[in-house]
Amino acid sequence: MKKRGGFDYYLEEEIIKEYQKKPIALRLKWLYQANILRRHLPKRIIRLQDKFREGRI
């Protein structure tokens, strides 16, 4: 059996539709803010997050 990488999750259709109703500018602002927060995390935490995303943990 092939080893899966990364992670997976499920969102209900209703939640996705509500998110899509938000203005694109707001969604981009959220992404930008998350990026700023991530930049200030300790490098050790960023490495762990990256490993998790790649399925190496």
Side-chain angles (χ1 to χ4, degrees):
M1 193 169 158
K2 185 178 178 183
K3 181 181 174 186
R4 291 184 54 174
F7 61 95
D8 192 15
Y9 57 94
Y10 173 80
L11 292 174
E12 293 182 15
E13 188 75 23
E14 181 68 24
I15 293 172
I16 294 171
K17 287 181 181 180
E18 285 299 316
Y19 177 78
Q20 290 173 335
K21 291 179 185 176
K22 305 289 184 200
I24 290 181
L26 178 61
R27 291 187 265 163
L28 286 172
K29 185 176 180 179
W30 289 342
L31 289 173
Y32 175 72
Q33 291 171 339
N35 190 9
I36 289 173
L37 289 173
R38 181 173 158 87
R39 277 193 248 156
H40 291 90
L41 289 174
K43 294 203 183 301
R44 180 182 70 82
I45 300 298
I46 293 172
R47 283 192 302 271
L48 284 171
Q49 286 179 340
D50 290 341
K51 280 181 162 182
F52 181 72
R53 285 186 182 107
E54 296 167 6
R56 294 188 288 141
I57 290 182

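Just the heavy atoms: all of them, side chains too, but no hydrogens, waters or symmetry mates, feed the values below.
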Gap separating the CD1 atom of I16 from the CD atom of E14, nearest 0.5 angstrom: 10.5 Å
Atom pairs and distances, donor-acceptor, side-chain atoms in residues 18-34, under 3.5 Å, two or more places apart:
{"from": "E18", "atom 1": "OE2", "to": "K21", "atom 2": "NZ", "distance (Å)": "3.1"}
{"from": "R27", "atom 1": "NE", "to": "K22", "atom 2": "O", "distance (Å)": "3.2"}
{"from": "R27", "atom 1": "NH2", "to": "K22", "atom 2": "O", "distance (Å)": "3.3"}

Sequence neighbours excluded and cut-off under 3.5 Å, please list the side-chain donor-acceptor pairs for residues 43-51, or say none.
{"from": "Q49", "atom 1": "OE1", "to": "R38", "atom 2": "NH1", "distance (Å)": "2.4"}
{"from": "D50", "atom 1": "OD1", "to": "R38", "atom 2": "NH2", "distance (Å)": "2.6"}
{"from": "D50", "atom 1": "OD1", "to": "R53", "atom 2": "NH1", "distance (Å)": "3.4"}
{"from": "D50", "atom 1": "OD2", "to": "R38", "atom 2": "NH2", "distance (Å)": "3.4"}

